[in-house]
Amino acid sequence: METESEPYVRLASLRQLHQVMADMNTARSLADTLQTVADGVITALGYELACVNLVRPDGDLVVAAFSGNPAAEALITGRVGSRESWERRLTMGEQWGDLIFIPHTEGWVLDDDDVPQWYTDGPAPRFEDEWHPSDRLFAPMYTPGGPGGGVGELIGVLSVDRPRNGRRPGAWGREALQMYAFQAAIAISNARLRANMQRALVRLERDQQALRASEESFRQAFEYAPSGMAIAEMGGEQHGRILRTNDALCRLLGRPASAMRRYSFSDLVHPEDIGTLLRTSAEGGRAELRLGRRDGTYVWVSLRNSVVADAADGPRFLLTHVEDIEDRKRRELQLAHRASHDSLTGLPNSAELRSRLSSRLCARPSHPGALETLDAAYGHPVYDVGGHGFDFRQGAEAFDAFDHHVHTIAPEGERDDGTKGLAVLFCDLDGFKSINDRFGHNAGDAVLIEVARRLTHGVRDGDTVARLGGDEFVILADGLGKADAQDLAVRLRNEIIQPIRAEGRAVRVGASFGIGWAHCGMTADEVLKSADERMYIEKRSRPKQHRRAG
């Protein structure tokens with residue numbers, strides 16, 4: 001092109017320019033595109049040197065490609081010029097359309113700034129349009145499609161030097177360079193997009209590989225976990241339905257995985273533990289409850305929940321960890337039983353007896369004159385509402401406590417008036433001390449164990465037989481009238497006086513019973529004291545020889 005006289009341009013030159021532009025858009029990478037842009041200036045536009053200065057993310061410009069001089073390329077490629085120095089260049093000199101031309105008469109002020117440059121000295125121009133070695137020509141490259149159809153952001157500057165014909169470019173040369181810079185900007189922008197897409201695809205593939213590896217790790221951790229694991233639906237119509245279980249949970253419950261998918265945990269939990277399950281938070285909740293096995297038995301487990309959601313906050317699932325705590329619970333129950341039961345007979349001990357008795361009693365007195373007693377205690381009248389001795393000034397909580405409590409009452413008078421109450425039978429063995437003294441404590445222990453067994457078998461399910469201490473026993477029997485309680489005492493005494501085998505011999509003990517009645521307004525100790533006193537009255541009322549059968 002440099003040998004042609006404007007405006008006459010050979011068709012071959014246009015074809016060559018078209019081919020260079022096509023090559024820019026088909027380069028395989030951003031680096032290849034930049035180098036193709038620099039090389040195209042040499043092959044299609046008739047310059048000996050070309051440099052592509054690319055804007056970096058921080059705004060400065062780096063020499064990204066150079067063509068035409070290997071020595072210059074090695075010297076300045078990769079070097080950086082500040083954005084301030086480049087702005088100075090692009091605002092001085094002559095405006096050739098979108099091009100910036102800085103003649104050697106003005107460009108000397110730029111010789112010592114920080115922009116990488118390659119130039120040589122030369123003689124002064126011999127004619128007006130002759131190119132001087134210190135002349136500078138820049139073609140700014142902008143992203144296409146700026147506001148209002150104008151130019152966009154600066155992405156780089158194409159600098160050229162040494163036209164082969166030795167002259168400053170004319171109108172056609174300027175137009176060609178300007179058009180070339182515009183197409184180069186498009187090619188570089190597209191190359192950047194492709195590079196970003198390729199990096200994104202690489203990251204996506206890497207993330208997918210990591211996700212697959214994570215899913216495989218989770219699958220193996222789930223499947224081969226030593227404790228039970230389950231995944232259940234969260235939300236929707238089938239909330240809580242089990243979707244997947246591991247082998248450990250299937251073994252624990254004795255159910256195959258296919259059968260487990262027909263259930264939710266609410267279907268498997270012990271009826272008494274439903275409330276515990278419902279109170280367990282779905283997100284990070286923990287509970288200890290019993291789950292049903294296939295054979296109808298139950299196993300104690302610790303159940304812990306956590307929520308699993310995908311990255312897009314899509315369907316959420318409940319991951320449940322199930323740990324077998326049967327052995328620990330058994331030990332805990334054994335310890336609790338030891339704390340609340342007599343070690344010799346296995347009956348509830350004194351503390352457990354008082355706890356059970358106290359749970360039936362409230363502070364509301366039900367004996368005659370109760371309201372008058374409260375009047376005196378409070379110093380003002382207490383209003384009896386619906387049979388509840390309730391002081392309105394005590395607040396709604398007290399009223400609710402009375403309103404929901406089933407009050408314990410006692411038969412009144414010596415005759416059986418048909419009232420059913422909580423009978424407290426205080427039993428003291430007669431002649432037990434002589435067995436201990438004559439035959440030893442082992443024989444005495446055997447007697448106590450047998451008496452405990454006979455008392456337990458002689459009462460109804462739900463009644464309590466407790467060992468108060470020594471040879472004293474207490475029976476709590478609810479829903480009895482006076483005659484019922486007296487009949488029960490007679491039956492139990494008749495059971496006790498039967499011969500007992502102890503240390504290879506038959507021995508006999510007698511029994512004295514005192515019957516007390518529990519009612520609200522009494523304490524547990526007051527009830528037991530009342531029954532104890534009646535027992536001693538009954539014991540003293542019988543001749544000594546009749547207190548035991550032998």
Side-chain angles (χ1 to χ4, degrees), residues 337-357 422-477 480 484-518 524-550:
H337 186 273
R338 291 173 185 171
S340 61
H341 287 71
D342 176 49
S343 60
L344 177 64
T345 63
L347 297 178
N349 59 18
S350 174
E352 178 67 11
L353 171 67
R354 285 174 166 79
S355 175
R356 294 187 186 185
L357 184 54
L422 176 57
V424 180
L425 281 68
F426 198 108
C427 172
D428 181 79
L429 300 183
D430 299 326
F432 175 75
K433 184 177 183 301
S434 63
I435 293 177
N436 261 343
D437 294 342
R438 292 173 59 190
F439 307 119
H441 289 288
N442 288 340
D445 289 347
V447 169
L448 293 175
I449 293 171
E450 179 60 18
V451 169
R453 187 192 68 81
R454 293 180 182 184
L455 289 174
T456 302
H457 282 78
V459 299
R460 304 164 302 175
D461 292 340
D463 292 344
T464 295
V465 178
R467 183 186 177 196
L468 192 61
D471 60 349
E472 296 177 335
F473 298 84
V474 174
I475 297 94
L476 303 182
L480 298 184
D484 298 329
Q486 292 167 357
D487 290 344
L488 177 59
V490 171
R491 292 198 310 271
L492 294 178
R493 180 184 296 113
N494 290 336
E495 288 291 329
I496 293 174
I497 64 176
Q498 300 301 317
I500 299 174
R501 297 294 299 180
E503 294 294 303
R505 58 177 58 84
V507 297
R508 291 175 180 268
V509 291
S512 297
F513 281 85
I515 303 174
W517 296 93
D525 285 337
E526 289 172 342
V527 175
L528 294 174
K529 181 179 179 182
S530 172
D532 185 25
E533 290 173 349
R534 292 178 182 272
M535 184 273 297
Y536 276 107
I537 293 174
E538 195 271 344
K539 184 187 289 284
R540 288 193 296 268
S541 69
R542 291 187 296 119
K544 184 174 183 181
Q545 63 270 24
H546 294 158
R547 293 178 191 171
R548 65 183 181 89

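Not measured: the values here are computed from a predicted model.
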(message) Applying salt bridge (Lys or Arg N to Asp or Glu O under 4.0 Å), can you list everything that pairs with Lys529, at least two apart in sequence or on another chain?
(response)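 Salt bridge (Lys or Arg N to Asp or Glu O under 4.0 Å) check on Lys529 returns nothing, list empty.
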(request) Applying salt bridge (Lys or Arg N to Asp or Glu O under 4.0 Å), name anything that partners Asp471, two or more places apart in sequence or on another chain. (result)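 If we apply the salt bridge (Lys or Arg N to Asp or Glu O under 4.0 Å) test to Asp471, skipping adjacent residues, there are no hits.
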If you define the side chain from C-beta out and look only at heavy atoms, does anything of [X] sit under 4.5 Å from [Y]?
X      : Y      : result
Val451 : Ile500 : yes
Val474 : Thr464 : no
Glu352 : Asn349 : yes
Ile497 : Val509 : no
Phe513 : Leu488 : no

Shortest non-hydrogen contact from [X] to [Y]?
X      : Y      : result
Ala518 : Leu357 : CB-CD1, 4.1 Å
Gly516 : Ser530 : CA-OG, 4.4 Å
Ala502 : Val447 : CB-CG2, 4.3 Å
Ala524 : Arg354 : CB-O, 4.0 Å
Ile515 : Ala489 : CD1-CB, 4.3 Å
Arg501 : Ala446 : O-CB, 4.5 Å

(message) Using a strict threshold of under 4.0 Å (side-chain N to carboxylate O), is an ion pair present between Arg534 and Glu538?
(response)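 Looking at Glu538 and Arg534, the cut-off is not met.
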(message) For Glu495, is there an ion pair with Arg491 - N to carboxylate O distance below 4.0 angstrom?
(response)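 Judged by the 4.0 Å cut-off on N to carboxylate O distance, Arg491 and Glu495 do not form a salt bridge.
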(message) Let's go through Arg467 and Thr345 carefully: what are the C-alpha distance in whole Å and the side-chain angles of both, what is the deciding distance for side chain to side chain donor-acceptor pair (under 3.5 Å) to 0.1 Å, and is it a yes or a no?
(response) CA-CA 8 Å; Arg467 183 186 177 196; Thr345 63; 5.2 Å; no
(request) Just do the side-chain contact (heavy atoms from CB on, under 4.5 Å) check on Leu528 and Leu353 with the steps written out, would you? (result) CA-CA 10 Å; Leu528 294 174; Leu353 171 67; 4.0 Å; yes
Just verifying a value: how many Å separate [X] [atom1] and [Y] [atom2], rounded to the nearest 0.5 Å?
X      : Y      : atom1 : atom2 : answer
Leu344 : Ile449 : CG    : CD1   : 4.5 Å
Leu422 : Asp463 : CG    : CG    : 9.0 Å
Glu450 : Leu455 : CD    : CG    : 10.0 Å
Phe426 : Ile475 : CZ    : CD1   : 10.0 Å
Arg493 : Asp430 : CZ    : CG    : 8.5 Å
His441 : Asp445 : NE2   : CG    : 8.0 Å

(message) With side chain to side chain contact (heavy atoms under 4.5 Å, CB included) as the test, pick out the partner of Phe473 among Leu429, Leu425, Leu468.
(response)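 Answer to the side chain to side chain contact (heavy atoms under 4.5 Å, CB included) test with Phe473 among Leu429, Leu425, Leu468: Leu429.
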(request) Look only at the side chain of Arg454 and the backbone of Gln498, and say whether a donor-acceptor pair between them is shorter than 3.5 Å. (result)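 Such a contact is found between Arg454 side chain and Gln498 backbone.
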(message) Determine whether a donor-acceptor pair (N or O, by modelled atom type, separation under 3.5 Å) exists between the side chain of Ser355 and the backbone of Ala351.
(response)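 Here the side-chain-to-backbone pair does not exist.
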(request) Take Arg460 and Leu480, measure what side-chain contact (heavy atoms from CB on, under 4.5 Å) needs, and give me the verdict at the end. (result) CA-CA 11 Å; Arg460 304 164 302 175; Leu480 298 184; 3.8 Å; yes
